[in-house]
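Report on the structure given below.
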Amino acid sequence: MVAPLKVGIAGLGTVGAEVVRQIEQQSRLLAARTGRAVRVVAVTARSKAKKRDLNLQDVIWAKSPLALANDPSIDCFVELMGGSGEPALSAVEAALRNGKSVVTANKALLARHGVRLAKLAEEHGGALNFEAAVGAAIPAIKTLREGLAGTEIHRVYGILNGTCNYILTRMEQEGLSFAECLKDAQRLGYAEADPSFDVDGHDTAQKLAILASLAFGTKVAQSAVYVEGISSIKPEDLRAAEELGYRVKLLGVAVRTKTGIEQRVHPTMVPRSSSIAQVMGVTNALTIDGEGVPPITLVGPGAGGAATASAVVSDIADVARGLHIAPFGRPVKRLRKTEKAPMMRHEGGYYIRLMARDLPGTAATIAKRLAQQNISIESIVQRHPNGAPEPPQGRGKRNAKAASTLVPVILITYATSEDGVRQALAAVQNDKVITGRPQVIRIEKN
Ligand code: NAP
């Protein structure tokens, strides 16, 4: 008879409480699948007195996360407190040093200290599992690390933040502003009181850094991720995207290029027909392009207690089975330093929206500046000031007053370089034929 796997859980919040429930409710299933009973024997959180609606009668309350990590009676330490600092970091380090296996959903900890923690796991013989850290219930980590272990990966990209996708979906479907949709997301509990970590793209960047390491066998390097958020997106961009056959998503993209590995998070136009474009609301998705394999897209809930706990419990089941896989898919000494591709060398199509002065010569000036950077235009839409496309007879009927009017001009470029686009737009701004900052959204082809 194999001894039960004794689990200690630090953190009993949205995810931790649900992990305790799922282990209890699925005890027979887990024993049948792993060949071993899985038992929560000790827990800890900030407040012992808090009402939690959990059956913790036969469970020890450890006096701190570190005490739990050092408790010789547990085999597997589950960290569900969050944060890249204390107490999560010291507790996870201690558990690994003690030769225990660690399961965590903490993307911040892994993005910052992942390689060091993987090394500790390797040195002391424990597993370090973190399926829930990216895409919650979507098996993103296992797919890259195990399912595609024999496949060379060219690109991974995805919608990795439900808050942003919810906001962009509402903006598109209801023509609402970013601020209105953010307020609704906060009311519904999809966004934090301080939403900047999500809407500025940093949450996506942490997850992308982990995925890039798994995809390309490089050390996790959050600082190598270029990040832009969604707060500058306007309903008119989403309307234009629709007319041009695109949809706007906040994507995290990691791709191997001639100049190194690009890791970037930014609002992105994706073809409306693509799998990723169909993903609406708080749902997450990940597409993986591998050598000789048609693109694989995984779609599912990227957050929520039950969804996240299901991934945590699956990691605990792997520990019960005795599975030991290198956390980032290869031994730490075989992880290469990330060769960061400079963002200025990024090449792709661009959507550009300008507020142009309705004066003779404006179009010619813009065209000249783009041509100087060898930027070719795939399509151009000039709109009436009220937003409708300009009718063919419009130009001839202008009166003198219209000369000072601002006209939105929307351009779609063929593949060109980031550097060229920035230089061309800086020159156009200098020429004073536009007002305000140009809106620039990169296009990602499938
Ligand atoms: P949460 O609801 O805020 O719960 C955090 C838990 O940690 C609470 O039980 C809290 O104790 C405990 N805790 C915090 N600081 C502590 C300390 N200094 N000492 C002891 N315990 C401490 O967080 P969560 O949403 O469950 O998230 C947990 C982890 O899962 C995070 O890494 C998060 O990024 C990740 N994750 C969450 C989701 C999601 O949908 N929620 C999805 C994917 C990944 P009290 O209960 O006493 O306050």
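Just follow the structure's listing: the first ligand is 1, and inside any ligand the first atom is 1. By convention here, the first residue in the shown sequence is residue 1.
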Establish whether atom 23 (O) of ligand 1 and some protein heavy atom are separated by less than 4.0 angstrom.
-> no
Which atom of Leu176 lies closest to which atom of Cys181, heavy atoms considered | CB-SG, 3.7 Å
Does Thr44 reach ligand 1, in the sense of a heavy atom lying below 4.0 Å from it?
-> no
At a non-hydrogen distance cut-off of under 4.0 Å, which region of Thr14 contacts ligand 1 (side chain, backbone, both, or neither)?
-> both
From CA spacing to verdict: side chain to side chain contact (heavy atoms under 4.5 Å, CB included), Glu146, Ile325 = CA-CA 9 Å; Glu146 291 144 58; Ile325 294 166; 3.4 Å; yes
So is there a nitrogen or oxygen of Gly305 less than 3.5 Å from a nitrogen or oxygen in ligand 1?
-> no
For atom 26 (O) of ligand 1, the closest protein heavy atom turns out to be Val15 N, 2.8 Å
Who gets closest to atom 46 (O) of ligand 1 by heavy atom: Gln206, Glu86, Arg52, Arg46?
-> Arg52
Is the ring centre of Phe130 less than 6.0 Å from the ring centre of Phe328?
-> yes
For Pro87 and ligand 1, does the shortest N/O to N/O distance drop below 3.5 Å?
-> no
Taking all heavy atoms of Lys249 and all of Ala277, pick out the closest pair and write down the distance.
-> CE-O, 3.9 Å
Looking only at heavy atoms, is any part of Ala303 under 4.0 Å from ligand 1, and if so is it the side chain, the backbone, or both, or is it neither?
-> both
Is ligand 1 under 4.0 Å from a heavy atom in the side chain of Ala307, in the backbone, in both, or in neither?
-> neither
Crowded around Glu339 CD? As in, over 12 foreign heavy atoms under 6.0 Å?
-> no
Will you find, in the side chains of Thr169 and Glu172, an N or O donor that is under 3.5 Å from an N or O acceptor?
-> no
Working for side chain to side chain contact (heavy atoms under 4.5 Å, CB included), residues Asp184 and Arg170 = CA-CA 9 Å; Asp184 272 359; Arg170 291 277 315 272; 2.9 Å; yes
